[in-house]
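See structure below.
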Amino acid sequence: MLSRQHKLLLMKMISLFSVVRGYNIPIIILAQYLSAIFILAPEIRALDILLDFNLFLIVFASSLTIASGYIINNFYDSKKDLINRPNKSMLDRLVSQKTKLTVYFSLNFIVALMSMFVSWRAFLFFSAYIFFVWFYSHKIKKYPIIGNLTAALLAVSPFFAILLYYYTKISFSDIEVYKSQFAVIFAHATFLFLLLLVREMVKDLENLKGDLANGYQTIPIIYGEEISKKVITILALLTIFPVYVLIEIYDVGYMDIYFYVCLIILIFFLLYLWKSNTKAQFLLLHNVLKFLIVAGVFCIVLINPSVLWHGKRLLLMI
């Protein structure tokens with residue numbers, strides 16, 4: 001049997017895991033590596049990417065930065081979360097605000113050291129990223145439209161760290177060769193950005209009571225639920241354009257199956273959206289978008305499944 005002190009320590013560890021949303025970190029790491037292998041640097045052998053120590057530092061630094069972002073976001077949203085997520089909020093409060101800030105600054109210090117080891121560009125990128133995550137949590141998220149746009153951009157930003165890592169080495173004379181690859185990357189990024197933006201808009205509908213009580217100026221609060229639903233509908237329909245580019249103009253292998261399924265689910269999503277008016281219904285819609293985003297991570301391998309077969313064969317030979 002655990003003593004009372006050990007039980008309290010265990011609960012605080014679980015609380016901190018909840019604050020940093022530790023369940024998201026492995027997904028983020030997987031997404032970055034799969035993006036590097038199949039989208040950002042498909043011309044480089046998968047094993048070389050996995051064994052690249054500098055890339056490992058960038059991926060690890062991205063994960064720690066996102067974790068620290070969740071901490072500072074939780075720090076500023078503690079009052080709002082008591083209304084919107086009372087059960088999670090009570091668990092998160094087992095760790096003091098002082099401890100949260102200590103962990104926050106410690107993680108950012110580690111990120112700074114790791115990025116400096118990679119390059120001065122990586123250091124500047126992560127320094128700017130840490131600042132904007134803090135500024136978003138402290139100020140920007142309270143305002144309509146710009147808050148939603150910033151949240152979606154910050155969610156996509158870690159992938160640009162890997163993009164910069166590979167493409168800052170390209171000379172101007174070789175840029176023409178990579179034009180089609182840039183287009184594919186931009187189309188993927190646009191699709192993900194739109195999904196994330198729709199998710200942020202749905203979260204505003206879901207968290208309406210807490211936002212209203214704490215003075216947040218979101219679109220549903222200022223313009224009403226109907227306008228918010230219209231904006232979500234337009235954003236969801238805009239996903240058709242990057243999907244068309246990826247399926248009809250460029251080759252994404254078997255991942256086109258994922259995009260077709262996505263569009264079908266988004267149609268039902270929009271139909272249900274216009275019938276929804278309770279927190280539980282908006283939470284369901286939020287979870288549908290989460291599922292699409294996480295499923296998209298695993299479906300990246302469909303671009304070129306032979307990479308997995310070759311990898312399996314290589315492991316069996318060792």
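Remember, predicted model here, so these are calculated numbers, not experimental data.
The side-chain heavy atoms of W274 and T233, taken from C-beta on, include a pair separated by under 4.5 Å. With contacts defined as side-chain heavy-atom distances shorter than 4.5 Å, the pair I27/F298 qualifies. Residues Y165 and F125 fail the side-chain proximity criterion, which asks for heavy atoms closer than 4.5 Å. When side chains are defined from C-beta on, Y104 does not count as touching Y70, because their heavy atoms never get closer than 4.5 Å. Proximity of L149 to L197: side-chain heavy atoms (C-beta onward) are separated by under 4.5 Å at one or more points. The shortest side-chain heavy-atom distance between I247 and Y260 falls under the 4.5 Å cut-off. Put simply, the side chain of L205 does not reach to within 4.5 Å of the side chain of K279, judged on heavy atoms. At least one side-chain heavy atom of E225 sits under 4.5 Å from a side-chain heavy atom of L208.
Nearest heavy atom pair, residue S137 against residue G69, reads OG-O, 4.4 Å. The shortest heavy-atom contact between F282 and V202 is O-CG1, 3.5 Å. Pairing each heavy atom of S35 with each of F159, the nearest pair is OG-CE2, 3.6 Å. Nearest heavy-atom pair across N304 and F38 is O-CE2, 3.2 Å. For the residue pair L34 and I300, the shortest heavy atom distance occurs at O-CG2, 3.6 Å. Between T150 and I146 the shortest heavy-atom distance is OG1-O, 2.6 Å.
More than 12 heavy-atom neighbours from other residues, nucleotides or ligands sit within 6.0 angstrom of OH on Y272. L124 CG: more than 12 foreign heavy atoms inside a 6.0 Å radius. Sparse packing is recorded around NZ of K139, with 12 or fewer heavy atoms of other residues, nucleotides or ligands lying under 6.0 Å away. Surrounding CZ of F132 are at most 12 heavy atoms belonging to other residues, nucleotides or ligands under 6.0 Å away.
Distance CG/L237 to CG/L270: 6.0 Å, rounded to 0.5 Å. Summarising the geometry, atom CG belonging to L64 is positioned 7.5 Å from atom CD1 belonging to I25; distances are rounded to the nearest 0.5 Å. In this structure, CD1 in I145 is found 4.5 Å from CD1 in I219, a value given to the nearest 0.5 Å. Note: Q32 CD to I37 CD1 = 12.0 Å, rounded to the nearest 0.5 Å. Between atom CD1 of residue I240 and atom CZ of residue F191 there is a gap of 11.0 Å, rounded to the nearest 0.5 Å. To the nearest 0.5 Å, the span separating CZ on F126 from CD1 on I58 amounts to 6.0 Å.
A side chain to side chain donor-acceptor pair (under 3.5 Å) check over residues 290-302, counting only residues at least two apart or in different chains, returns nothing. Within the structure, no pair that satisfies the salt bridge (charged side-chain N to carboxylate O under 4.0 Å, His left out) test touches residues 261-271, not counting sequence neighbours. Applying the side chain to side chain donor-acceptor pair (under 3.5 Å) rule to pairs touching residues 183-204 yields N148-D204, sequence neighbours excluded. Legend: side chain to side chain donor-acceptor pair (under 3.5 Å) pairs involving residues 115-124, not counting sequence neighbours: none detected.
Residues satisfying the side chain to side chain contact (heavy atoms under 4.5 Å, CB included) test with Q97, not counting sequence neighbours, are F75, S78, K100. Judged as a side chain to side chain contact (heavy atoms under 4.5 Å, CB included), and not counting sequence neighbours, the contacts of L238 are L194, I234, L235, F241. For E226, the salt bridge (charged side-chain N to carboxylate O under 4.0 Å, His left out) test picks out K230, with sequence neighbours left out. The salt bridge (charged side-chain N to carboxylate O under 4.0 Å, His left out) check on D251 picks up nothing, with sequence neighbours excluded. Listed by chain and residue number, nothing satisfies the salt bridge (charged side-chain N to carboxylate O under 4.0 Å, His left out) test with K229 (two or more places apart in sequence, or in another chain). With sequence neighbours excluded, no residue satisfies side chain to side chain donor-acceptor pair (under 3.5 Å) with S106. T65 meets the side chain to side chain donor-acceptor pair (under 3.5 Å) test with no other residue; sequence neighbours excluded.
In this structure, Y258 contributes its side chain and L292 its backbone to a donor-acceptor pair below 3.5 Å. With hydrogens and angles disregarded, a donor-acceptor distance shorter than 3.5 Å links the side chain of Q281 to the backbone of N277. A donor-acceptor pair is defined here as one N or O able to donate and one able to accept, closer than 3.5 Å; such a pair exists between the side chain of Y129 and the backbone of L154.
If you chain together ILVMFWY residues whose side-chain heavy atoms come under 4.5 Å of each other, L283 ends up in a group of its own.
Under a hydrophobic-cluster definition in which Ile, Leu, Val, Met, Phe, Trp and Tyr are linked whenever side-chain heavy atoms come within less than 4.5 Å, directly or via other members, M116 and V118 are assigned to different clusters. Hydrophobic clustering of Ile, Leu, Val, Met, Phe, Trp and Tyr side chains at less than 4.5 Å, counting indirect connections, unites I303 with V261. The hydrophobic clustering, which links ILVMFWY residues whose side-chain heavy atoms are closer than 4.5 Å, places I264 and Y254 apart. Cluster membership check: I249 shares its hydrophobic cluster with I39, using side-chain heavy-atom separations under 4.5 Å among Ile, Leu, Val, Met, Phe, Trp and Tyr. F109 and V111 are not part of a single hydrophobic cluster, where members link through side-chain heavy atoms under 4.5 Å apart.
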### Query
Going through the distances and angles, do N54 and L57 end up as a side chain to side chain contact (heavy atoms under 4.5 Å, CB included)?
CA-CA 5 Å; N54 282 343; L57 290 178; 4.3 Å; yes
### Task
Take I66 and N24 through the side chain to side chain contact (heavy atoms under 4.5 Å, CB included) test and state the conclusion after the steps.
CA-CA 9 Å; I66 291 166; N24 283 344; over 6 Å; no
### Chi angles and distances behind the side chain to side chain contact (heavy atoms under 4.5 Å, CB included) call for F259, T239
CA-CA 10 Å; F259 288 120; T239 59; over 6 Å; no
### Task
Run the numbers on L285 and S276 for side chain to side chain contact (heavy atoms under 4.5 Å, CB included), then give the verdict.
CA-CA 9 Å; L285 290 169; S276 301; 3.7 Å; yes
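Ring planes of W134 and F131: tilted class, angle from 30 to 60°. The aromatic rings of Y76 and H138 lie tilted to each other, with the angle between the two planes from 30° to 60°.
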